[in-house]
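Heads up, the thing below is written out as structure tokens.
Reckoned from all heavy atoms, side chains included, excluding hydrogens, waters and symmetry mates.
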Amino acid sequence: MSEKTKATADPAGEDDRYQRIWEAVAGIPTGCVLNYGEVARRAGLPGKARLVGRALGLAPKKMALPWHRVVNAQGRISFPEDSRKAAEQRRRLEEEGVEFEGGSIDLDRFSPERALDRMLWGPG
DNA sequence: CGCTTGACAAAAG
DNA sequence: CCTTTTGCCAAGC
């Protein structure tokens with residue numbers, strides 16, 4: 001067979017990428033956040049942070065993924081500041097106990113790895 | 001089929 | 001803190 005076209009979108013199947021990304025996002029504990037690049041890395045797709053944003057946008061609402069727990073590498077929400085989406089994401093995060101320091105989140109403090117620390121020592 | 005977009009990231013100035 | 005530049009890659013047009 002001539003496979004010259006390289007099939008950018010594997011029609012044969014074998015394209016778990018979005019599935020794996022969704023699973024990685026679903027695995028973020030309540031009250032924690034991860035940046036896009038980290039989610040990509042956990043999904044086995046290092047360097048493909050942009051694909052994570054695409055996957056979230058394409059995710060069926062039925063999935064009820066914790067999409068709000070994914071922010072950019074600067075700890076900031078990646079929607080326009082005045083948008084509804086940004087407001088909703090911030091509201092959801094604050095409701096889970098994630099604190100914003102002047103518009104941004106301390107990614108190190110609210111990483112899943114520190115979830116136990118916060119439980120034992122409390123925030124801050 | 002090539003050019004543009006975008007829920008990104010890291011580095012540099 | 002900010003902006004610009006570069007790399008990245010799938011979708012959309």
Side-chain angles (χ1 to χ4, degrees):
Chain A
M1 298 123 74
S2 56
E3 71 267 40
K4 200 166 287 195
T5 46
K6 259 194 298 182
T8 52
D10 296 302
E14 285 297 355
D15 211 351
D16 308 55
R17 290 176 300 175
Y18 290 162
Q19 188 65 49
R20 294 211 304 261
I21 290 171
W22 291 330
E23 286 172 9
V25 173
I28 307 174
T30 303
C32 301
V33 297
L34 285 181
N35 62 53
Y36 294 88
E38 183 60 23
V39 171
R41 196 182 66 73
R42 290 185 177 211
L45 301 164
K48 299 186 183 173
R50 297 189 92 139
L51 198 58
V52 173
R54 192 175 312 287
L56 289 179
L58 292 174
K61 189 168 187 174
K62 191 121 187 185
M63 277 184 153
L65 284 176
W67 56 269
H68 55 283
R69 295 177 196 149
V70 186
V71 296
N72 64 30
Q74 285 69 50
R76 297 177 64 67
I77 290 174
S78 291
F79 286 112
E81 197 170 337
D82 52 8
S83 69
R84 280 194 149 281
K85 284 292 204 174
E88 183 187 351
Q89 184 168 9
R90 175 160 182 160
R91 181 183 55 71
R92 285 186 165 205
L93 286 172
E94 290 182 324
E95 209 157 311
E96 296 183 354
V98 177
E99 298 171 18
F100 283 75
E101 303 163 16
S104 67
I105 302 166
D106 186 328
L107 291 181
D108 185 59
R109 242 181 84 200
F110 292 95
S111 70
E113 289 73 23
R114 301 232 165 157
L116 180 58
D117 285 9
R118 289 199 304 283
M119 193 160 71
L120 295 175
W121 296 85

Check the distance between C:dA11's P and A:L56's CG and give it to me in whole angstrom.
14 Å
Rounded to whole angstroms, how far apart are NZ on A:K48 and P on B:dA10?
16 Å
From the set B:dA7, C:dA11, B:dA9, return the single nucleotide nearest to any side-chain atom of A:Y18.
C:dA11
note: A:L45, atom CG; B:dA9, atom C1'; distance rounded to Å ~ 16 Å
Donor-acceptor pair, distance only, cut-off 3.5 Å: does the side chain of A:R76 make one with the backbone of A:G103?
yes
In whole angstrom, give the distance that lies between atom CD1 of A:I77 and atom P of B:dA9.
14 Å
With respect to the side chain of A:N72, which nucleotide from C:dA11, B:dA9, B:dA7 is positioned closest?
B:dA9
Spacing of A:Y36 atom OH relative to C:dA10 atom C1', expressed in whole Å:
16 Å
Expressed as a whole number of Å, how far does the C1' atom of C:dC8 sit from that of B:dG6?
12 Å
For a quick check of understanding: with a heavy-atom distance under 4.0 Å over all strands, which category does A:G47 fall into, base, sugar-phosphate or nothing?
nothing
Starting from the C-alpha separation in whole Å, work towards a yes-or-no answer on salt bridge (Lys or Arg N to Asp or Glu O under 4.0 Å) for A:R92 and A:E96.
CA-CA 7 Å; A:R92 285 186 165 205; A:E96 296 183 354; over 6 Å; no
To the nearest Å, how far apart are A:E81 CD and B:dA7 P?
16 Å
List the steps, then state whether salt bridge (Lys or Arg N to Asp or Glu O under 4.0 Å) holds for A:R90 with A:E94.
CA-CA 6 Å; A:R90 175 160 182 160; A:E94 290 182 324; 3.1 Å; yes
Using whole Å, what does the distance between atom C1' of nucleotide C:dC9 and atom CZ of A:R17 come to?
9 Å
Spacing between A:L51 atom CG and C:dC9 atom C1', to the nearest angstrom
7 Å
Does A:R118 come within less than 4.0 Å of A:E99, counting only side-chain N to carboxylate O?
no
Under 4.5 Å between side-chain heavy atoms, hopping through other hydrophobics if needed: is there a path connecting A:V98 to A:M119?
no
C:dA11 base / A:R54 side chain donor-acceptor hit below 3.5 Å
no
Report the nucleotide, chosen from C:dA11, B:dC8, B:dA9, that has the shortest atom-to-atom distance to any side-chain atom of A:N35.
B:dA9
On DNA chain C, more 5' by nearest nucleotide between A:R50 and A:L58 is A:R50
